[in-house]
Number of protein chains: 2
Amino acid sequence: MARPTVNDVARAAGVSLATVDRVLNARAGVREKTVERVNAAIEQIGYVRDVTAANLARQRLYQMVFVLPDAPALFVDTLRDAIAEATSSSLADRTEVRIITFPNGNPHALVKSLRALNADDTDGVAIFAPETPHVRDAIARLKSDGVPIVALVSDLPNTERDHFVGIDNIAAGRTAGFLMGKFLGKTGGSVMVLVSSMQARDNVERRLGFDQVMAESFRQIEVLPSIETHDDEGATERLVTEMLRNRPDIAGIYSVGHGSRALVDVLRDHERRESMTLIAHELTKITREALRDNLMDAVVSQDVGHIVRSALRVLRAKSDGRDIVHSQERIRIEIVVRENLI
Amino acid sequence: MARPTVNDVARAAGVSLATVDRVLNARAGVREKTVERVNAAIEQIGYVRDVTAANLARQRLYQMVFVLPDAPALFVDTLRDAIAEATSSSLADRTEVRIITFPNGNPHALVKSLRALNADDTDGVAIFAPETPHVRDAIARLKSDGVPIVALVSDLPNTERDHFVGIDNIAAGRTAGFLMGKFLGKTGGSVMVLVSSMQARDNVERRLGFDQVMAESFRQIEVLPSIETHDDEGATERLVTEMLRNRPDIAGIYSVGHGSRALVDVLRDHERRESMTLIAHELTKITREALRDNLMDAVVSQDVGHIVRSALRVLRAKSDGRDIVHSQERIRIEIVVRENLI
DNA sequence: GACTAAATGAGGTACGTACCTCATGTCAAT
DNA sequence: ATTGACATGAGGTACGTACCTCATTTAGTC
């Protein structure tokens, strides 16, 4: 009944402890046939390495790095808070977390930061950044150095990142579209769409998914072209105000990007506030208050706590060459309304 | 920089390792003043016990028990699957899981099962059962034996359970009500409500929340009295079929309980299928398919995987007398629609 | 069969903590 | 001053694994 140990493996394989150790830790100097015999024994008696004992013996300290932009969007702050919270309890799993911030929209600064990292003092990197050629190169270098890398929130599919921690943004856009369609109902109307930037992969994908659903299931609703805000709050306020003045047919607003402060500010005291259906992404202080005040109807979000914990789990696993449990690492697309706000 | 150990504490407090050990493990034979000195030193140098090393030394094996009904509702199977999945990886955190099943609606069998448990071979119990006087007594006995207990899915507030792992069911009902109101829109109509049993606390609370929101925000919708199904599929089919025949004003159906198979079966080929708004609880094989097939509009759910993992974490913490991180143990009320189905 | 290189074994220490024993210290009551 | 009770110290072993050294065996080559 008791869990088998390395000594049991040694006995079962008819070799010494030292040989089992060499096999387990992939050290050289063991004949292929012996390796097989040991592995067979491991299989047969169901040995599983005691990771905690191993880490204790190894005096393992995982040194992880999060790379984030200093974008003015509140979502990034939320993410940063989640990292801070994970850090406070990370001591328990021998994980040390550093955060590197790079100026928003400055790929050179980002690349410079990434260049400072190396395999000696970092066991894993989680990156939230747009995919540019420079970033691709920097990631390739880190990978060739043997540093595990995960993309955070926005995927980097054309790089060698080991894993993507975040939601399927097309599906997130589809979800927002479905809700918009259902909420607007038979009457229909037009929908204004605000995106941060058409450079940001997640924004583009959400818009794509939104349009898909609208075309498939809600033909009575007209979706207007995207308005790019570039996270500029002043500009956004002007654009939204003007749009609302000129287009009485607008019945809904879909905020695709990571920040919705300006939009909420405009609408809070607007005369059309009551009749407007508002759907945004990411649960932050702003969207939370807007939901509570019945100003916003739904928020499509992702749990940043999960994202951070998942990123750390995946990086630790990759760093140890272990497999990950995919079902546990799937990040859900959450729908938050006034009533299930926490 | 390195994490302080017991030896550092001993040095800082000016006592021996043995005394620190006595203090840490609450063993007798240490003067009050010395205890204080050691605790001060712990505080000052920021010592945190290495739980993994401690468990290794202690050869700790957490023996946890889940107590579940054999209700025919699919949700219980889903929960059982989640426990099975958690069990497969529980080896890593020295946790052994047993499942005890009791016949649905038979409190005596349940109490008999609980009586068989004792502090010697169980370090924690997670219970999903209705709160009856017998159950209360059984729980009180276990608690007086020093066994940590958490209520699962449905709370047992009048018992001495240490914690409740599950959602706020009033809020869950409110969420369902909000969606129903939004989906039905200005036109309104009547809503049929199906509950498993008015004995089940979670069902009652959901119904309560649903009615609250309807009364507050959607006065144009008439909510009909609850229909009790007692998880009897044949009876449910008859009741629903009849109701739909007699009441052309019904525009929505809210399924409060843990099972929706019969409801889905009736509606799948029903002529009014298209015009009906359907909202149910718990993501199972049945509701999942119904969402996918556009038969159901939304499911208000709770992640059983989280519930199981959270229950185990809480029980381990209680068993060690450690505090729990409440933010991590909060179970979210999830809204699942066709587009964010995983 | 002698030589060499590679493979394996034997045995140790260490990680941070738990838990044990035995010796020695302290203090107050007698 | 002696006794006894209690407090504390010293030092050990153990948990399961990593990693080290050195000796010994084995396999392959000539």
Side-chain angles (χ1 to χ4, degrees), chain A residues 1-39 41-42 45-62 91-95 123 316 319-322, chain B residues 1-39 41-42 45-62 91-95 123 316 319-322:
Chain A
M1 196 59 214
R3 183 173 168 170
T5 74
V6 272
N7 284 299
D8 300 321
V9 175
R11 205 171 316 116
V15 298
S16 77
L17 183 61
T19 300
V20 174
D21 179 68
R22 289 181 184 110
V23 173
L24 279 175
N25 296 293
R27 276 187 270 275
V30 186
R31 242 178 312 162
E32 190 51 41
K33 278 191 63 171
T34 313
V35 172
E36 279 163 23
R37 222 166 65 223
V38 171
N39 283 327
I42 289 174
I45 68 175
Y47 168 79
V48 180
R49 189 197 301 240
D50 184 330
V51 186
T52 62
N55 284 342
L56 178 61
R58 201 181 307 200
Q59 276 293 79
R60 188 80 158 89
L61 179 67
Y62 298 92
L91 221 146
D93 24 57
R94 298 171 188 282
T95 304
D123 298 298
R316 275 195 297 266
S319 175
D320 293 346
R322 295 196 325 268
Chain B
M1 196 62 213
R3 181 173 171 171
T5 73
V6 272
N7 284 297
D8 300 322
V9 175
R11 205 171 316 117
V15 299
S16 76
L17 182 61
T19 300
V20 174
D21 179 69
R22 288 181 186 111
V23 173
L24 279 176
N25 297 291
R27 276 187 270 274
V30 186
R31 241 178 311 161
E32 189 51 41
K33 280 192 64 171
T34 314
V35 172
E36 278 163 25
R37 223 166 67 223
V38 171
N39 283 327
I42 288 174
I45 69 174
Y47 167 79
V48 181
R49 190 197 301 240
D50 184 330
V51 186
T52 62
N55 284 343
L56 177 61
R58 202 183 308 209
Q59 277 293 80
R60 188 84 159 88
L61 178 67
Y62 298 92
L91 221 146
D93 19 64
R94 298 171 186 283
T95 305
D123 298 298
R316 274 196 298 265
S319 175
D320 291 347
R322 296 196 326 267

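Quick note: numbers below take in every heavy atom, side chains included, and nothing from hydrogens, waters or symmetry partners. Note that this is a predicted model, so its numbers are computed, not measured.
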Candidates dC19(C), dT17(C), dG16(D) - which lies nearest the side chain of Asp21(B):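 Selected nucleotide (nearest to the side chain): dC19(C).
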Would a 4.5 Å heavy-atom cut-off, applied to side chains only, mark [X] and [Y] as touching?
X        : Y        : value
Val35(A) : Arg22(A) : no
Thr52(B) : Leu56(A) : no
Val38(B) : Val9(B)  : yes
Gln59(A) : Arg94(A) : yes

Measure from [atom1] on [X] to [atom2] on [N] and round the result to the nearest Å.
X         : N       : atom1 : atom2 : answer
Arg60(A)  : dA18(D) : CZ    : C1'   : 13 Å
Leu56(A)  : dT13(C) : CG    : C1'   : 13 Å
Asp8(A)   : dC15(D) : CG    : P     : 11 Å
Arg49(A)  : dC15(C) : CZ    : P     : 20 Å
Arg27(A)  : dT8(C)  : CZ    : P     : 15 Å
Ile45(B)  : dG16(C) : CD1   : P     : 13 Å
Leu24(B)  : dT17(C) : CG    : P     : 8 Å
Asp320(A) : dT17(D) : CG    : C1'   : 13 Å

Modelled atom types, side-chain donor and acceptor of Tyr47(B) and Asn39(B), under 3.5 Å: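 No - no donor-acceptor pair under 3.5 Å links their side chains.
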Any donor-acceptor N or O pair under 3.5 Å, side chains Asn25(B), Arg49(B):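 Yes, a side-chain donor-acceptor pair sits under 3.5 Å.
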For Val6(A), the option from Val23(A), Val20(A), Ile42(A), Asp21(A) that meets side chain to side chain contact (heavy atoms under 4.5 Å, CB included):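 Only one of Val23(A), Val20(A), Ile42(A), Asp21(A) forms a side chain to side chain contact (heavy atoms under 4.5 Å, CB included) with Val6(A), namely Val20(A).
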Phosphate-side-chain proximity, Gln59(B) and dG16(D), N/O vs OP1/OP2 below 4.0 Å: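 Result: yes.
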5' priority, DNA chain D, between Arg58(B) and Asn55(A) [closest heavy atom]: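 Per heavy-atom nearest nucleotide, the more 5' residue is Arg58(B).
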Touch class at under 4.0 angstrom, heavy-atom based, for Asp50(B) against every strand present: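 Answer is sugar-phosphate: Asp50(B) comes under 4.0 Å of backbone atoms only.
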Helix axis bend for the helix from dG1(C)-dC30(D) to dT30(C)-dA1(D) - C1'-based end axes, five pairs, 10° rounding: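 Between the axes fitted at each end of the helix from dG1(C)-dC30(D) to dT30(C)-dA1(D) lies an angle of 40°.
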Closest non-hydrogen atom pair, Arg3(A) against Asp50(A):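 Of all heavy-atom pairs spanning Arg3(A) and Asp50(A), the closest is NH2-CA, 3.2 Å.
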Identify each atom pair where a protein N or O and an N or O of nucleotides 6-9 of chain D are less than 3.5 Å apart, giving names and distance.
unit_1, atom_1, unit_2, atom_2, d
dA7(D), O3', Arg31(B), NE, 3.1
dA7(D), O3', Arg31(B), NH2, 3.3
dT8(D), OP1, Arg31(B), NH2, 3.2
dT8(D), OP1, Thr34(B), OG1, 2.2
dT8(D), OP2, Arg31(B), N, 2.7
dT8(D), OP2, Thr34(B), OG1, 3.4
dG9(D), OP1, Ser16(B), N, 3.4
dG9(D), OP2, Ser16(B), N, 2.7
dG9(D), OP2, Ser16(B), OG, 3.1
dG9(D), OP2, Thr19(B), OG1, 2.6
dG9(D), O6, Arg22(B), NH2, 2.9

Salt-bridge contact Arg60(B)-Asp123(B) (side-chain N to carboxylate O under 4.0 Å):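 Salt bridge flag = yes for Asp123(B) with Arg60(B).
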